[in-house]
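Below: one structure, written as structure tokens.
Whatever order the structure lists them in is the order used to number ligands and atoms, beginning at 1.
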Amino acid sequence: MALSSAGRHILRTTRLQCRNTAVYSGVHGFNDEEIKGKLLAFPGGSIDLVKQDSGIAVMTVNNPARMNAFSGTMMLELEERVAQLEGWSEGKGLIVQGAAETFCSGSDLNAVRAISNPQDGMKMCMFMQNTLTRLLRLPLISVALVEGKALGGGAELTTSCDFRLMAPGSVIQFVHKYMGLVPGWGGAARLVRIVGSQNALQLLAGAKKVDPDYGTQIGLASGVINPSSGTSALEETEQWLAQYTKGPAAVIRAAKKVVVSGRELPLEDALRTEKDVFGTVWGGPANLAALASKSKHK
Ligand SMILES: CC[C@@H](C(=O)O)C(=O)SCCNC(=O)CCNC(=O)[C@H](O)C(C)(C)COP(=O)(O)OP(=O)(O)OC[C@H]1O[C@@H](n2cnc3c(N)ncnc32)[C@H](O)[C@@H]1OP(=O)(O)O
């Protein structure tokens with residue numbers, strides 16, 4: 001049966017919106033209000049977000065007294081910040097960093113101890129998987145700036161960005177094995193897609209420390225930053241990211257959307273999504289300006 005133009009529009013919009021949906025909902029017996037209530041009981045720290053005119057936002061995991069460990073309220077704030085970024089139509093890029101020159105030491109162990117029963121653990125796991133999946137699917141090119149240590153859930157957080165840049169002396173380590181665990185925030189599934197199953201197995205079963213050299217070798221790190229006297233690690237990361245975010249927001253966001261669908265969807269669905277996204281930029285202002293300028297790509 002042929003679809004009307006309105007029907008095609010609804011289908012296209014639905015397919016594009018699907019990419020923003022969370023993994024778990026009521027269908028899976030997940031009620032996020034329940035776990036939100038529990039997480040509220042573990043306050044401390046914050047997740048700070050600055051949206052800049054350049055189209056690059058900086059999100060900071062801020063709990064330096066605990067090496068930027070995630071308190072319960074920080075998990076809630078992370079979800080709020082991701083929702084804000086989902087609604088930021090001018091955005092092109094995102095840098096995720098930790099305060100005070102260290103990335104994040106995972107869950108706050110005090111909260112973990114208090115909710116160590118299986119039921120709460122599952123709910124926290126589903127809540128964080130939802131948030132980090134939405135973070136990875138943002139139509140923004142994202143990079144984790146890793147200084148100091150990214151441990152446990154902190155290592156998992158780095159995998160919900162498109163890229164990771166490591167500072168000299170920094171370490172990413174999936175310490176879950178030492179906690180008698182495996183990742184639960186989606187870090188294992190994402191890690192396999194980034195470094196392949198053999199490297200992922202070594203990092204998880206060996207709890208191997210990943211320094212900048214090793215990270216670059218296995219493709220976990222996209223580069224090593226080298227802050228000089230005049231440039232901070234954040235400024236260097238902004239400069240690195242600018243090579244991908246330069247240009248109109250519509251085009252940069254479209255590039256991220258087709259990569260997300262190519263990575264996540266079966267081929268035919270990814271091709272259809274690519275067609276839909278293509279339709280959002282074809283004949284658009286950037287496309288028309290480029291055609292009018294008869295530009296050469298030497
Ligand atoms: C569900 C599990 C998994 C997940 O969510 O996927 C997790 O993330 S579990 C948490 C995994 N992380 C850890 O186990 C890290 C434990 N901490 C350390 O190994 C060390 O603290 C450190 C991060 C390597 C830093 O060591 P160091 O430089 O020697 O500093 P301190 O140890 O003195 O730490 C300073 C201060 O910070 C507190 N801290 C650090 N990490 C956490 C944490 N994850 N939760 C709570 N508090 C943390 C540490 O206790 C110190 O506080 P004070 O003792 O009050 O000084």
Side-chain angles (χ1 to χ4, degrees), residues 23-24 30 32 35-36 38-47 60-79 82 96-136 144-161 164 166-192 194-195 200-201 203-212 215 220:
V23 182
Y24 304 104
F30 178 59
D32 70 354
I35 187 65
K36 281 180 175 176
K38 296 226 165 165
L39 292 174
L40 266 178
F42 302 99
S46 60
I47 304 290
T60 305
V61 181
N62 187 359
N63 192 8
R66 293 186 174 171
M67 305 292 282
N68 300 328
F70 264 89
S71 67
T73 52
M74 286 167 71
M75 292 183 197
L76 298 174
E77 272 189 39
L78 180 67
E79 195 225 16
V82 169
V96 179
Q97 66 170 3
E101 296 178 6
T102 190
F103 190 75
C104 169
S105 65
S107 304
D108 183 328
L109 289 168
N110 304 298
V112 167
R113 276 179 208 110
I115 59 165
S116 62
N117 67 79
Q119 293 81 6
D120 286 343
M122 284 300 98
K123 288 173 198 156
M124 188 267 287
C125 156
M126 290 193 269
F127 181 78
M128 288 302 286
Q129 278 195 17
N130 274 353
T131 304
L132 294 185
T133 302
R134 286 167 61 193
L135 175 57
L136 185 58
L145 159 57
V146 183
E147 297 179 278
K149 293 191 163 56
L151 304 183
E156 296 194 62
L157 175 61
T158 72
T159 64
S160 60
C161 292
R164 284 143 294 282
M166 295 183 74
S170 64
V171 169
I172 300 175
Q173 189 179 13
F174 293 81
V175 295
H176 305 75
K177 175 188 177 178
Y178 297 140
M179 306 294 296
L181 292 169
V182 291
W185 294 1
R190 292 187 295 269
L191 184 65
V192 170
I194 297 166
V195 300
L201 203 48
L203 298 195
L204 299 185
K208 278 180 88 164
K209 284 187 183 175
V210 181
D211 63 15
L220 184 59

Taking a 3.5 Å cut-off between nitrogen or oxygen atoms, can you list every pair linking ligand 1 to the protein, with distances?
{"unit_1": "ligand 1", "atom_1": "5 (O)", "unit_2": "Ser107", "atom_2": "OG", "d": "2.4"}
{"unit_1": "ligand 1", "atom_1": "6 (O)", "unit_2": "Glu156", "atom_2": "OE2", "d": "2.8"}
{"unit_1": "ligand 1", "atom_1": "6 (O)", "unit_2": "His176", "atom_2": "NE2", "d": "3.2"}
{"unit_1": "ligand 1", "atom_1": "8 (O)", "unit_2": "Ser107", "atom_2": "N", "d": "2.9"}
{"unit_1": "ligand 1", "atom_1": "8 (O)", "unit_2": "Gly153", "atom_2": "N", "d": "2.9"}
{"unit_1": "ligand 1", "atom_1": "12 (N)", "unit_2": "Ser105", "atom_2": "O", "d": "2.8"}
{"unit_1": "ligand 1", "atom_1": "37 (O)", "unit_2": "Ala65", "atom_2": "O", "d": "3.3"}
{"unit_1": "ligand 1", "atom_1": "41 (N)", "unit_2": "Ser105", "atom_2": "OG", "d": "3.0"}
{"unit_1": "ligand 1", "atom_1": "44 (N)", "unit_2": "Ser105", "atom_2": "O", "d": "3.2"}
{"unit_1": "ligand 1", "atom_1": "44 (N)", "unit_2": "Ser105", "atom_2": "OG", "d": "3.4"}
{"unit_1": "ligand 1", "atom_1": "44 (N)", "unit_2": "Ser107", "atom_2": "O", "d": "2.9"}
{"unit_1": "ligand 1", "atom_1": "45 (N)", "unit_2": "Leu109", "atom_2": "N", "d": "2.8"}

> Can you check whether Ala188's main-chain N or O pairs, donor with acceptor, with Glu156's side chain at less than 3.5 Å?
Replying inline: no
>> Under the rule for salt bridge (charged side-chain N to carboxylate O under 4.0 Å, His left out), what residues qualify as partners of Arg66, not counting sequence neighbours?
In response: Asp108
> Just wondering, do Leu76 and Leu40 contact through their side chains at under 4.5 Å, heavy atoms?
Replying inline: yes
>> Treating Asn130 as the side-chain partner and Val23 as the backbone partner, does any N or O pair qualify as donor plus acceptor under 3.5 Å?
In response: yes
> Does atom NZ of Lys209 have more than 12 heavy-atom neighbours from other groups under 6.0 Å away?
Replying inline: no
> Where the side chain of Glu77 meets the backbone of Ile47, is there a donor-acceptor pair that is under 3.5 Å apart?
Replying inline: yes
